[in-house]
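As structure tokens, the structure follows; a few thoughts come after it.
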Amino acid sequence: IDTGVDYFHPDLAPNVWTNPAEIPGNGVDDDGNGFIDDLHGYDFVSDDGDPMDDQDHGTHVAGIIGAAGGNAIGIAGVCWEVTLLAVKAFDEDGSASLDQVIEAFGYAVRNGATIINASWGTDDRSRALQDAVREAWQAGVTIIAAGGNDQKPEVIFPAGYDEVIAVAATDFKDQRAFFSNHGPQMDLAA
């Protein structure tokens, strides 16, 4: 869940999820999931079936996670063979409403996500967001989220919820990055 994914990117295209029951571009919800033309995911900012990244953060994160390896193109992700479901909840400025994020969680779960990555967060603890996270977790989804980049001894949300793996950042010396949040709530650092 991020700013979308450039599903045409040559390092990502082989791993981008394709909805097998959706006929692209026909303006019909072919699979009956409540989302029209959601071939590669959904855009909760524009409320349409085109989760193309217009800010690059989501594509960057998707590349770290799942850029195809061994193809002499760009980089290799952590997992070369993975299915990337593009769920756009953040706009070109990197902003999202709470409603968009909550809808994105529900969409990801209903469409078979087994892991949700949230490389974003807020200082505001939200009961509604916590409920969405808990529902995903209860459905067997692993949720991984950024702990924050504010140099604070605490984590942001959703990383701060018990059901989420909170991740801190490290630098090239494998030490905590100067900008990373830290503290006992962090589950791991990378």
Side-chain angles (χ1 to χ4, degrees), residues 1-5 12 15 41 44-45 53 55-67 69 75-91 93-190:
I1 299 173
D2 211 298
T3 61
V5 172
L12 299 178
N15 291 334
F44 288 94
V45 176
D53 192 351
Q55 202 265 355
D56 294 333
H57 188 267
T59 298
H60 172 82
V61 171
I64 292 169
I65 294 168
I75 65 166
V78 173
C79 187
W80 294 6
E81 294 182 28
V82 66
T83 303
L84 300 167
L85 171 60
V87 186
K88 181 177 174 61
F90 292 79
D91 65 19
D93 295 323
S95 298
S97 73
L98 183 59
D99 289 341
Q100 290 165 331
V101 171
I102 290 169
E103 288 179 304
F105 265 92
Y107 178 86
V109 172
R110 286 190 305 276
N111 285 281
T114 56
I115 299 171
I116 292 176
N117 183 77
S119 290
W120 46 267
T122 178
D123 290 328
D124 299 327
R125 185 180 194 108
S126 160
R127 178 59 178 215
L129 178 57
Q130 186 173 15
D131 288 346
V133 165
R134 184 169 288 131
E135 287 174 22
W137 179 76
Q138 288 173 339
V141 177
T142 299
I143 303 134
I144 302 165
N149 295 332
D150 302 312
Q151 305 175 5
K152 296 179 182 177
E154 59 193 36
V155 298
I156 57 177
F157 298 97
Y161 301 129
D162 291 341
E163 300 84 1
V164 178
I165 298 169
V167 182
T170 58
D171 63 17
F172 68 97
K173 293 181 180 178
D174 207 23
Q175 301 296 313
R176 180 174 54 89
F178 75 92
F179 57 82
S180 184
N181 288 13
H182 53 280
Q185 292 176 295
M186 289 294 180
D187 296 301
L188 61 94

How far apart are the closest heavy atoms of A104 and A89, and which atoms are they? CB-CB, 4.0 Å

Looking at T170 and A190, would you say the former's side chain and the latter's main chain have a donor-acceptor pair under 3.5 Å? yes

If only atom types and distance count, is the side chain of N15 paired as donor or acceptor with the main-chain N or O of W80 below 3.5 Å? yes

From CG (N181) to CG (N149), nearest 0.5 Å: 7.0 Å

Between E154 and M186, the two heavy atoms sitting closest are O-CE, 4.4 Å

Enter the distance from I165:CD1 to N117:CG here, rounded to the nearest 0.5 Å. 10.5 Å

Heavy-atom nearest pair, A132 first then F105, reads CB-CB, 4.1 Å

Would you name the heavy atoms of W120 and V101 that are closest together and state the gap between them? CH2-CG1, 3.3 Å

Could you grab the distance from atom OG of S97 to atom CD1 of I102, nearest 0.5 Å is fine? 8.5 Å

Taking CD in Q138 as the centre, count heavy atoms belonging to other residues, nucleotides or ligands within less than 6.0 Å. Is the count above 12? yes

Quick check: does any side chain N or O of T3 sit under 3.5 Å from a backbone N or O of G94, one acting as donor and the other as acceptor? no

Minimum heavy-atom separation for G41 to L85, with atom names? CA-CD1, 3.8 Å

Any non-hydrogen side-chain atom of K152 less than 4.5 Å from a side-chain atom of D123? yes

Beyond-backbone contact of Y107 with I1, side-chain heavy atoms, under 4.5 angstrom: no

Distance in Å, L188 CG paired with I144 CD1, rounded so as to fall on 0.5 Å steps: 8.0 Å

Taking atom NE2 of H182 as the centre, report whether more than 12 heavy atoms of other residues, nucleotides or ligands fall under 6.0 Å from it. yes

Any side-chain heavy-atom pair from I115 and V82 closer than 4.5 angstrom? no

Can you see which heavy atom on E163 is nearest to which on R134, and at what distance? OE2-NE, 3.0 Å

Could you check whether any side-chain N or O of K88 sits under 3.5 Å from a backbone N or O of F44, counting only pairs where one atom can act as donor and the other as acceptor? no

Rounded to the nearest 0.5 Å, what separates atom OG1 in T122 from atom CZ in F157? 9.0 Å

First locate atom CG of D124, then atom CG of L98, and finally report the distance between them rounded to the nearest 0.5 Å. 9.0 Å

